Amino acid sequence: MRPFDIIKKKRDGGILSREEIDFFIRGIVDEEIPDYQVSALLMAIYFNGMAEDEIYQLTSSMMYSGKVLSLSDITGMKVDKHSTGGVGDKLTLTIAPLAASAGLHIPMISGRGLGHTGGTIDKLESIPGFKTNLSIKEFTRNIREINLSIICQTGEIAPADRRLYSLRDVTATVDSLPLIVSSIMSKKLAEGIDGLVLDVKTGSGAFLKKLEDSLALGDMLVRIGRRMGKKVAAIITDMNQPSGYAVGNSLEVAEAIEVLKGKGPEDIRFLTLNIAAWMLKMGDIATEIGDGIRVLEDKLRSGEALQKFRELIKAQGGNIEVVENYNLLPCAKIIKEIKGEKAGYIQSIDTEKIGIAACMLGAGRLKVDSPIDHSAGLIVRKKIGDYVERGETLITIHTNNKDIIPEAESFILNSYVIGDKCCIRPPLIHKVLN
Ligand code: URA
């Protein structure tokens, strides 16, 4: 078999066989197939899509590209959550410690920023000392001892996704249903979980912007998960504006800690409670979503969820003092207000542009191996339905790169549509597929 023939077959709209997919994935992991051929196949998949059987096979080959954990010696249900990617989406940072404080075991393998969206691993690494590249032994020990561990893709678990993920990020091939499904499910199913709750984003800041496409993505994620013998639910959540206010790694960590303290933005709290309640239901800790939410509210009120976050930071080598003192997180030198040019109600926000502006300011990568500025990002001051006076602040930017400010500012101003009519905010949850 030759990579060339597989690329050509997909380019011409063919259906790849199990052997062809396995061959290509092995070549990716062994580094026998160079980046340019992997990128060419990604683009062919982007344009021609994949049938369900191909997606299933791709997921399976990627999952078995490394170790598949068995956590059977840890008693209790192992349930994880994963987001398809958003702007200001810090829900993993709130949901994981909260659900773990309610008794769930959460083995979590997460990603870095992808395209215009942020990644949990980059966010956690903004906590001084926090290690995300634990060995499998350390990972399982933490799950056993504190119910929770969050690590990045290693050379051991789903290594194929690690290479594909970083190539997709720089070749404009992120927003493809088969590539999203196989990326998420291969690493999640390698974790040794019993169940998975997927937060499928829809709207201007999501990879798939139309509700019908997000529903199709949710449906495929659930189908592939079930074919692999797992309990799976997909919650379609709104991404027509940034989640919460903070966008950018250390800024989001601070906002997530506020939510764990029982404060923080209302949308983040609502989604945290609802998604975590689905996890408790899947893990047989709650019979109904309402019961789950009540259990979780107690964990926030009692401080147990915040304590679990401290335990996570400590177990992974980070400085737990950040929980009390946000100044210990990286802070940007330049803070500037971006002001609106007209008065009126915020009608819509092109959230992808906001994500791109945050990346430009330093919060994301331009190339596979570009460094990231953990302190960079922005704080959204006005959201859909808010009234803004002319000259009032829409967004506050945080950066260390003064040269990029004019371009980021124009992205931000172009993302807001301000008009005369009063308008209502979109619903936070559109649908649950289970
Ligand atoms: N999250 C992932 O892990 N992979 C994707 O492709 C998108 C979001």
Side-chain angles (χ1 to χ4, degrees), residues 25 28 38-39 41-43 45-46 49-50 54-56 58-59 61-63 65-66 80-93 95-96 106-124 132 150-154 157-191 193 196-203 205-209 213-214 216-222 224-225 228 230 232 234-237 239 243 252 275 351-352 355 359 364-365 368:
I25 293 299
I28 288 174
V38 180
S39 303
L41 183 69
L42 288 172
M43 198 53 89
I45 294 174
Y46 180 90
M50 279 183 141
E54 282 179 296
I55 301 176
Y56 176 79
L58 180 59
T59 305
S61 300
M62 286 168 67
M63 171 174 134
S65 68
D80 193 7
K81 73 76 77 165
H82 195 78
S83 159
T84 58
V87 177
D89 176 9
K90 69 272 306 163
L91 289 167
T92 294
L93 303 182
I95 290 171
I106 307 178
M108 193 177 266
I109 298 170
S110 288
R112 296 184 183 280
L114 186 64
H116 64 280
T117 70
T120 299
I121 294 299
D122 292 329
K123 293 176 214 222
L124 286 171
T132 58
I150 306 180
I151 59 168
C152 59
Q153 285 140 291
T154 62
I157 299 172
D161 183 52
R162 191 158 66 153
R163 192 155 165 228
L164 286 170
Y165 196 87
S166 47
L167 283 174
R168 284 168 61 211
D169 194 20
V170 290
T171 56
T173 50
V174 170
D175 46 341
S176 148
L177 186 148
L179 296 178
I180 297 175
V181 172
S182 54
S183 162
I184 293 179
M185 297 311 270
S186 62
K187 56 183 173 275
K188 294 284 135 180
L189 298 172
E191 290 170 342
I193 47 170
L196 178 62
V197 177
L198 292 147
D199 177 5
V200 178
K201 302 289 185 197
T202 192
F207 289 124
L208 302 187
K209 303 200 177 347
D213 292 341
S214 307
L217 173 61
D219 182 55
M220 188 57 78
L221 286 162
V222 171
I224 298 292
M228 298 277 188
K230 308 292 174 190
V232 191
I235 306 180
I236 316 291
T237 64
M239 189 30 75
S243 294
E252 292 191 42
I275 297 172
T351 309
E352 179 167 347
C359 289
R365 292 181 183 76
V368 173

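Each ligand, and each atom within it, is numbered from 1 in the order the structure gives. Since we're looking at a predicted model, the values are computed, not measured. Throughout, numbering of the chain's residues begins at 1 and tracks the sequence.
In terms of polar-atom proximity, D161 is not counted as a contact of ligand 1, lacking any N or O under 3.5 Å from an N or O of the ligand. For the pair Y165 and ligand 1, the shortest N or O to N or O distance does not fall below 3.5 Å. By the 3.5 Å distance cut-off applied to N or O atoms, S183 is counted among the residues near ligand 1.
Put simply, the side chain of K201 never gets that close to the backbone of S83: no donor and acceptor are under 3.5 Å apart. Side-chain atoms of K187 never come within 3.5 Å of backbone atoms of M108 as a donor-acceptor pair (strictly under, hydrogens ignored). Counting only distance, with no hydrogens or angles, the side chain of K81 and the backbone of I106 share no donor-acceptor pair below 3.5 Å.
Atoms of ligand 1 found under 4.0 Å from any heavy atom of S83, numbered from 1 in the order shown, are 1 (N), 8 (C). Near L114, the atoms of ligand 1 lying under 4.0 angstrom from a non-hydrogen atom of the residue are 5 (C), 6 (O), 7 (C). Remark: ligand 1 atoms within the under-4.0 Å shell around heavy atoms of K187 are 2 (C), 3 (O), 4 (N). Set against the non-hydrogen atoms of R168, the atoms of ligand 1 under 4.0 Å away are 5 (C), 6 (O).
Protein heavy atom closest to atom 1 (N) of ligand 1, with residue, atom name and distance, is H82 NE2, 3.2 Å. Nearest protein neighbour of atom 8 (C) of ligand 1, counting heavy atoms only, is T84 O, 3.3 Å.
The shortest side-chain heavy-atom distance between E352 and F207 does not fall under the 4.5 Å cut-off.
Put simply, the residue from D161, T59, T84 that forms a side-chain hydrogen bond (donor to acceptor under 3.5 Å, both in side chains) with S183 is D161.
Under the 4.0 Å criterion applied to side-chain N and carboxylate O atoms, R365 and D122 are assigned as salt-bridge partners.
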* Which is it for K90 and S243 under the side chain to side chain donor-acceptor pair (under 3.5 Å) test, yes or no, and what are the steps along the way? -> CA-CA 8 Å; K90 69 272 306 163; S243 294; over 6 Å; no
